[in-house]
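So the structure is just underneath, and the comments pick up after that.
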Amino acid sequence: MGPEEPGMPDTPVGVVLVDTEQGLPDLEDLRARYRTVWFVLRRGGRPLSLHEMDIRRDATAHAGAALEQLIAEAHEEPFPQGPSTGSRRLPSIAVVIPTIVERSDELVACLDALAAVEYDRFEVVLVDNRRTIPDDDPLPAALAGRARVRCVREARPGISAARNAGVAATTADVVAFTDDDVHVDTGWLRAIGTRFAEHPDEDVVSGLVLPSELETPSQLMFERYYGGFSGERTFAPTSFRVKRPGGPPWARASVVARDDEGREMRRFALYGAGACGAGCNIAFRRTALYGPLLFDLALGTGTPARGGEDLAAMIAVLWRGRGIGYEPAATVHHQHRREYDELLRQMSGYGTGFTAMLTSLVLHDRGHLLGLVGQVPKAAVRLGRGATTRLRGHRPQTPDALDGATSGGERTFPPELARRELAGYLRGPGAYLRSRRAARVGADTARPRA
């Protein structure tokens with residue numbers, strides 16, 4: 001567990017899905033365990049908003065009234081029906097899950113959730129990425145009776161090698177990626193398939209990532225630090241394209257986000273593509289997964305670079321002028337790290353992976369050097385302000401802050417998280433070069449697990 005930090009919110013915090021057509025959950029029952037609850041309002045399976053509420057004893061009645069008001073307001077708003085395929089056929093989808101079978105119970109929960117998915121044309125490709133198989137291997141038991149799941153072996157270490165092996169093992173129209181510590185909603189694949197069918201200009205679809213639980217301080221710290229798994233948790237379908245497809249590198253290094261009506265919502269640097277989605281909930285057209293769009297073997301978990309492979313793949317799609325779509329109805333629930341030391345390693349890995357990814361982009365295409373230079377003045381100011389704020393234990397203000405979520409005021413996480421991430425930035429370029437050399441000669445870059 002982490003240190004006791006002044007100003008940190010109490011845990012555990014409940015995470016409750018509320019169907020607006022089925023009325024209120026039992027607040028008294030929730031109050032027996034939680035003081036604070038995150039209510040995710042949904043209608044027709046589509047997430048609408050997230051609200052954080054205090055439901056302690058003297059506020060239960062108030063919380064109930066407030067939640068009823070939110071539900072009533074949700075019904076007054078036009079219902080986001082989402083895209084309709086019309087006569088278009090939904091694509092076949094392969095779900096690729098890399099695993100080292102580190103936590104077999106989480107893997108079983110992941111596969112159980114996929115077994116309940118409501119979609120006709122899909123298969124699951126589980127990629128066993130362990131270096132060695134133990135005598136008491138739990139994987140056969142986890143796979144027993146799962147006719148829809150195929151298991152393929154990829155002994156080369158790293159999530160990129162595993163993902164590439166999963167792509168090679170299927171001929172599906174779409175390849176969706178998730179992790180073995182995630183469970184998906186029943187409508188996950190239908191939302192992905194429908195988005196692809198209605199948006200032929202998009203080569204990638206990402207979706208909403210919610211925490212499966214907030215039972216420990218470290219899990220809540222992660223949410224407070226990032227404000228959502230992919231940086232900004234939003235509930236509106238969004239399309240992402242570079243500002244000037246086919247233009248010079250400095251023009252292609254700016255991304256425009258638009259809503260489904262084509263209205264511009266915001267702009268951001270191409271190299272902040274984490275705002276488009278996260279690797280635990282992302283899908284690619286199979287036709288896009290070739291050449292440089294295959295995952296870089298020198299990036300990702302299991303290599304010295306430790307991350308960045310998903311960002312590099314999304315940036316490659318945008319860089320060549322294609323679109324990325326974000327569909328919140330494609331919802332998954334992620335099991336955040338429960339222990340503080342795990343969270344610290346994660347933050348360090350995020351920092352290392354980010355600058356390793358930038359190094360990879362520049363080495364594969366010198367145009368990215370011009371793209372990065374064009375973003376340096378604005379990025380330096382923004383990152384400098386953000387780093388200063390985070391080093392004080394505060395989350396920078398964002399225009400998409402959630403109702404009730406703390407942002408930029410009280411201290412919401414230990415500054416050590418920011419220090420670990422910033423230190424990781426410095427290690428990234430060297431880590432990528434080591435990882436690249438190892439990948440080239442087929443060397444074993446991962447240490448055996450104890």
Side-chain angles (χ1 to χ4, degrees), residues 17 19 21 42-47 79-99 107-127 142-152 162-180 182-210 212 237 239 260 277-290 323-334:
L17 303 179
D19 189 326
E21 297 174 326
R42 310 205 317 174
R43 184 179 176 190
R46 297 185 60 84
F79 181 55
Q81 296 292 338
S84 172
T85 60
S87 61
R88 290 189 178 96
R89 187 184 185 194
L90 294 181
S92 60
I93 302 179
V95 181
V96 173
I97 310 170
T99 185
L107 174 59
V108 168
C110 172
L111 296 176
D112 285 346
L114 282 164
V117 163
E118 298 169 351
Y119 199 77
D120 293 332
R121 303 173 64 210
F122 86 99
E123 66 170 339
V124 179
V125 180
L126 185 73
V127 184
L143 294 176
R146 302 185 188 274
R148 201 185 281 269
V149 181
R150 290 193 294 122
C151 186
V152 300
R163 284 178 166 161
N164 289 344
V167 173
T170 182
T171 59
D173 302 324
V174 168
V175 183
F177 298 95
T178 191
D179 295 336
D180 61 2
V182 166
H183 65 268
V184 306
D185 273 6
T186 57
W188 179 56
L189 290 183
R190 179 161 295 278
I192 289 173
T194 301
R195 180 81 192 190
F196 274 122
E198 280 295 301
H199 293 264
D201 61 324
E202 294 175 353
D203 279 349
V204 175
V205 171
S206 64
L208 178 66
V209 182
L210 294 171
S212 59
S239 295
D260 271 1
C280 66
N281 186 9
I282 191 167
F284 292 76
R285 292 188 193 275
R286 182 174 179 77
T287 53
L289 287 168
Y290 63 89
I324 293 177
Y326 168 76
E327 175 49 67
T331 304
V332 306
H333 308 261
H334 180 263

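The figures that follow rest on heavy atoms only: side chains count, while hydrogens, waters and symmetry mates do not.
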What's the spacing between [X] [atom1] and [Y] [atom2] if we round to 0.5 Å?
X: I324; Y: D201; atom1: CD1; atom2: CG; result: 11.5 Å
X: L143; Y: C151; atom1: CG; atom2: SG; result: 5.5 Å
X: D179; Y: L107; atom1: CG; atom2: CG; result: 11.5 Å
X: D173; Y: L90; atom1: CG; atom2: CG; result: 10.5 Å

Can you check whether [Y]'s main-chain N or O pairs, donor with acceptor, with [X]'s side chain at less than 3.5 Å?
X: S212; Y: H334; answer: yes
X: N281; Y: L208; answer: yes
X: T178; Y: C280; answer: yes
X: R146; Y: A142; answer: yes

Task: Pair E327-R190, salt bridge (Lys or Arg N to Asp or Glu O under 4.0 Å): steps then yes or no - done: CA-CA 11 Å; E327 175 49 67; R190 179 161 295 278; over 6 Å; no
Task: Residues in salt bridge (charged side-chain N to carboxylate O under 4.0 Å, His left out) contact with E21, at least two apart in sequence or another chain - done: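 Listed in chain order: R43.
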- [ ] Go through the structure and list residues passing side chain to side chain donor-acceptor pair (under 3.5 Å) with T99, not counting sequence neighbours.
- [x] D180
Closest contact, heavy atoms only, [X] versus [Y]:
X: G193; Y: P91; result: O-CD, 3.5 Å
X: R46; Y: A329; result: NH1-CB, 3.4 Å
X: P98; Y: A162; result: CB-CB, 3.6 Å
X: P328; Y: P47; result: O-CG, 3.3 Å
X: A191; Y: A330; result: CB-N, 3.6 Å
X: A197; Y: P200; result: O-CD, 4.4 Å

Distance-only donor-acceptor pairs under 3.5 Å for side chains of residues 283-290, two or more places apart:
unit_1, atom_1, unit_2, atom_2, d
R285, NE, E202, O, 2.7
R285, NH2, F196, O, 2.9
R285, NH2, H199, O, 2.8
R285, NH2, E202, O, 3.2
R286, NH1, V167, O, 2.9
R286, NH1, T170, O, 2.8
R286, NH2, T170, O, 3.1
Y290, OH, R320, NH1, 2.9

- [ ] Take V95 and W188 through the test side-chain contact (heavy atoms from CB on, under 4.5 Å) and record every step on the way to the result.
- [x] CA-CA 11 Å; V95 181; W188 179 56; 3.9 Å; yes
Open item on the list: Set out, in order, the CA-CA distance, both residues' side-chain angles and the distance that settles side-chain contact (heavy atoms from CB on, under 4.5 Å) for V174 and F122, then state yes or no.
Closed with: CA-CA 9 Å; V174 168; F122 86 99; over 6 Å; no
Open item on the list: For E198 and D260: C-alpha separation, side-chain torsions, deciding distance, then whether side-chain contact (heavy atoms from CB on, under 4.5 Å) applies.
Closed with: CA-CA 11 Å; E198 280 295 301; D260 271 1; over 6 Å; no
TODO: Go through the steps for S239 and R195 under the test side-chain hydrogen bond (donor to acceptor under 3.5 Å, both in side chains), then give the verdict.
DONE: CA-CA 11 Å; S239 295; R195 180 81 192 190; 2.9 Å; yes
Task: Under-4.0 Å salt bridge between R42 and D185 - done: yes
Open item on the list: Using side-chain contact (heavy atoms from CB on, under 4.5 Å), reason through I97 and L114 one step at a time and then give a plain yes or no.
Closed with: CA-CA 11 Å; I97 310 170; L114 282 164; 3.4 Å; yes
